[in-house]
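Any value given below was found using the heavy atoms of this structure, including those in side chains, with hydrogens, waters and symmetry copies removed. Note that the structure is a prediction, hence the values are computed from the model and not measured.
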Amino acid sequence: MAQSVGIKDVARAAGVSVGTVSNVINRPDTVAGETRARVLSAIDRLGYVRSESARQLRAGRSRIMGLLVLDMGNPFFVDVARGAERAAREAGLGVMVCNSAQDAAEEAEYLSLFAEQRVRGVLLTPADATGRNIAAFRRHGIPFVLVDRVAEGTTECSVSVDDIAGGALAVRHLVDAGHRSIAYVSGPPGLNQVRDRRTGALNALAEAGLGPEALRELPTERLDVAAGRDAGARLLGLADRPTAVFCANDLLALGVLQAMYAAGVTVPDDLAIVGYDDIEFAAAAAVPLTSVRQPAVTMGALAAGLLLEETEQGEGDGKGKRAHEHRRVVLQPELVVRRSSLAAR
């Protein structure tokens with residue numbers, strides 16, 4: 001196995017000191033042109049790549065930001081990652097993206113990995129409803145920002161969307177279209193987003209003078225298309241089937257749509273469907289999907305910006321440098337109406 005080339009090898013090949021090589025790499029303007037060219041030639045000839053981990057150890061700070069999301073199979077989180085990566089790149093940082101797969105144990109392992117790597121900070125959409133993983137990670141002193149989750153009971157920054165307002169938008173739209181019996185395909189009940197969207201749905205029903213019995217909840221273990229198909233099959237088996245469905249995300253809604261298509265149930269004439277997130281596939285579905293839009297790219301970028309601000313400002317330096325102030329940013333959702341909910345009743 002070939003040995004890695006070190007800075008001493010470059011210095012020996014170029015006939016200069018290790019310090020000169022370091023200056024060429026880190027402060028090239030301080031080195032005479034001829035010497036700089038000789039060192040660069042040696043670097044190119046030997047294939048030297050500087051050890052970023054060693055540089056970070058000496059500098060005492062990482063150039064990597066961690067991002068841990070619930071499901072990278074969901075285009076919503078891909079868009080969150082895009083926004084975070086864009087903001088990090090502008091600051092000269094990279095992003096390590098990890099997927100908890102909605103599993104608290106997986107989340108704990110990745111948070112431990114981030115701590116071992118001493119990342120600059122972490123953007124986190126929690127999978128663990130108990131908060132134990134966050135409490136354990138907090139002991140490492142690494143800054144983190146919650147994404148798609150309000151920082152309830154904590155002092156950390158968070159960037160989220162008002163999911164209660166989003167649930168109300170979805171169900172108010174269905175009630176205005178004449179629906180009086182609505183199913184809620186909700187996903188795992190332990191997720192705050194799922195509960196908040198249900199709260200918004202019930203609020204919209206109450207506004208219309210309808211009681212909570214007008215909402216038939218169909219929980220699922222996951223927030224994916226397969227879970228949506230399963231929920232659709234259960235919906236078809238109900239004796240008194242609702243005339244509309246609100247789904248906790250678009251992947252669930254697309255699964256319900258597939259189940260209806262397979263059973264010969266017409267959307268929206270026999271069943272109206274509203275999703276949540278407004279992922280790219282929503283508009284491209286066989287029946288374009290009405291959805292509550294979340295500004296996912298903006299969420300990722302804002303969260304990364306808050307994290308960068310915190311790591312730059314820290315606790316202040318006692319010389320007039322302002323200490324970081326934790327903030328909760330709550331964005332507003334938007335209803336995007338398409339054909340899946342437009343049948344007159």
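A distance-only check finds a donor-acceptor pair linking the side chain of S112 to the backbone of A108 [under 3.5 Å]. N74 places no side-chain N or O within 3.5 Å of a backbone atom of D71 that could act as its donor or acceptor partner. A distance-only check finds no donor-acceptor pair linking the side chain of R120 to the backbone of I64 [under 3.5 Å]. In terms of modelled atom types and a separation under 3.5 Å, the side chain of S291 and the main chain of R293 share no donor-acceptor contact. Although no hydrogens or angles enter the test, the distance criterion places no donor-acceptor pair under 3.5 Å between the side chain of R338 and the main chain of P288. Side-chain atoms of T311 come within 3.5 Å of backbone N or O of L307 as a donor-acceptor pair. T125 contributes a side-chain N or O that, together with a main-chain N or O of V147, makes up a donor-acceptor pair within less than 3.5 Å. Between the side chain of T266 and the main chain of D269, no donor-acceptor pair closer than 3.5 Å is present.
Counting only heavy atoms from C-beta outward, the side chains of M65 and L308 approach each other to under 4.5 Å. F114 is listed as a side-chain neighbour of F137, based on a closest heavy-atom distance under 4.5 Å. Residues T290 and V336 have side chains not in contact (no heavy-atom distance under 4.5 Å, counting atoms from C-beta outward). Contact check for I25 versus S22: no side-chain heavy atoms found under the 4.5 Å cut-off. Side chains of R216 and P242 form a contact here, defined as non-hydrogen atoms less than 4.5 Å apart. Looking only at side-chain heavy atoms (C-beta outward), Y276 and F246 come within less than 4.5 Å of each other. Within the 4.5 Å cutoff, the side chain of L215 has heavy atoms near those of the R198 side chain. In this structure, the side chains of D278 and V292 stay at 4.5 Å or more apart for every pair of heavy atoms.
Note on V297: it does not cluster hydrophobically with L331, by side-chain heavy-atom contacts below 4.5 Å among ILVMFWY residues. Residues Y261 and L257 do not share a hydrophobic cluster, clusters being chains of Ile/Leu/Val/Met/Phe/Trp/Tyr side chains in contact below 4.5 Å. Placement of V330 and L335 in two distinct hydrophobic clusters is found when ILVMFWY residues are connected by side-chain heavy-atom separations under 4.5 Å, directly or transitively.
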field: Derivation of the side chain to side chain donor-acceptor pair (under 3.5 Å) call for N99 and Y110
entry: CA-CA 8 Å; N99 176 27; Y110 278 123; over 6 Å; no

message: Is there a salt bridge (charged side-chain N to carboxylate O under 4.0 Å, His left out) between R197 and D162? Walk through the geometry before answering.
response: CA-CA 9 Å; R197 292 166 197 178; D162 188 339; over 6 Å; no

message: Assess the residue pair L306 and V159 against the criterion (side chain to side chain contact (heavy atoms under 4.5 Å, CB included)); give the C-alpha distance rounded to whole Å, side-chain angles, the decisive distance to 0.1 Å, and a yes or no.
response: CA-CA 9 Å; L306 287 174; V159 180; 3.7 Å; yes

Chi angles and distances behind the side chain to side chain contact (heavy atoms under 4.5 Å, CB included) call for V145, L124: CA-CA 6 Å; V145 174; L124 170 65; over 6 Å; no

Test side chain to side chain donor-acceptor pair (under 3.5 Å) applied to S160 and D148, step by step: CA-CA 4 Å; S160 63; D148 194 31; over 6 Å; no

message: Could you go through L223 and L252, starting from their C-alpha distance and side-chain angles, then the distance that decides it, and tell me whether this counts as side chain to side chain contact (heavy atoms under 4.5 Å, CB included)?
response: CA-CA 6 Å; L223 290 162; L252 290 172; 3.6 Å; yes

message: Test side chain to side chain contact (heavy atoms under 4.5 Å, CB included) on M96 and L67; report intermediate values, then the result.
response: CA-CA 6 Å; M96 180 191 300; L67 170 63; over 6 Å; no

- prompt: Can you check salt bridge (charged side-chain N to carboxylate O under 4.0 Å, His left out) on E107 and R132, steps first, answer last?
  reply: CA-CA 11 Å; E107 176 181 84; R132 284 191 292 264; over 6 Å; no

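In terms of heavy-atom proximity, V256 sits nearest to I273 at CG1-CD1, 3.9 Å. Residues A104 and D128 come closest through the heavy atom pair CB-CB, 3.8 Å. Nearest heavy-atom pair across L123 and A84 is CD1-CB, 3.6 Å. In terms of heavy-atom proximity, D103 sits nearest to A127 at N-CB, 3.9 Å. Annotation for C247 and A253: closest pair SG-CA, 3.6 Å, computed over non-hydrogen atoms. Between I279 and D250, the shortest heavy-atom contact is N-OD2, 2.8 Å.
R138 contributes atom CZ, which lies 11.5 Å from atom CG of N133 (distance to the nearest 0.5 angstrom). Here NE2 of H173 is found 8.5 Å from CG of D176. Values are rounded to the nearest 0.5 Å. Between the CG atom of D224 and the CG atom of L251 there is a distance of 7.0 Å, given to the nearest 0.5 Å. Considering CG of L68 and SG of C98, their distance stands at 6.5 Å, rounded to 0.5 Å. Summarising the geometry, atom NE2 belonging to H179 is positioned 12.5 Å from atom CG belonging to L205; distances are rounded to the nearest 0.5 Å. Here the CD atom belonging to E106 is positioned 12.5 Å from the CG atom belonging to L70, to the nearest 0.5 angstrom.
Within a 6.0 Å radius of CD in E280, no more than 12 heavy atoms belonging to other residues, nucleotides or ligands are found. Within 6.0 Å of CD on E207 lie more than 12 heavy atoms contributed by other residues, nucleotides or ligands. Within a 6.0 Å radius of CZ in R139, other residues, nucleotides and ligands contribute 12 heavy atoms or fewer.
Judged purely by distance below 3.5 Å, without hydrogens or angles, the side chains of D163 and Q193 never pair a donor atom with an acceptor atom.
R89 and E85 are joined by a salt bridge, as a carboxylate oxygen and a charged side-chain nitrogen come within less than 4.0 angstrom of each other.
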Return a table of donor-acceptor pairs under 3.5 angstrom between the side chains of residues 228-237 and protein atoms on other chains or two or more places apart.
residue: R229; atom: NH1; partner: Q258; partner atom: OE1; Å: 2.8
residue: D230; atom: OD2; partner: R234; partner atom: NE; Å: 3.3
residue: D230; atom: OD2; partner: R234; partner atom: NH2; Å: 3.4
residue: R234; atom: NH1; partner: P219; partner atom: O; Å: 3.3
residue: R234; atom: NH2; partner: P219; partner atom: O; Å: 2.8

Run the side-chain donor-acceptor check on residues 182-191: report pairs under 3.5 Å with partners two or more places apart or on a different chain.
residue: Y184; atom: OH; partner: V194; partner atom: O; Å: 2.8
residue: S186; atom: OG; partner: E217; partner atom: OE2; Å: 3.0

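Under the rule for a side-chain contact (heavy atoms from CB on, under 4.5 Å), the partners of T199 that lie at least two apart in sequence or sit in another chain are I164, N203.
Put simply, the residue from E156, E309, E310 that forms a side-chain hydrogen bond (donor to acceptor under 3.5 Å, both in side chains) with R327 is E309.
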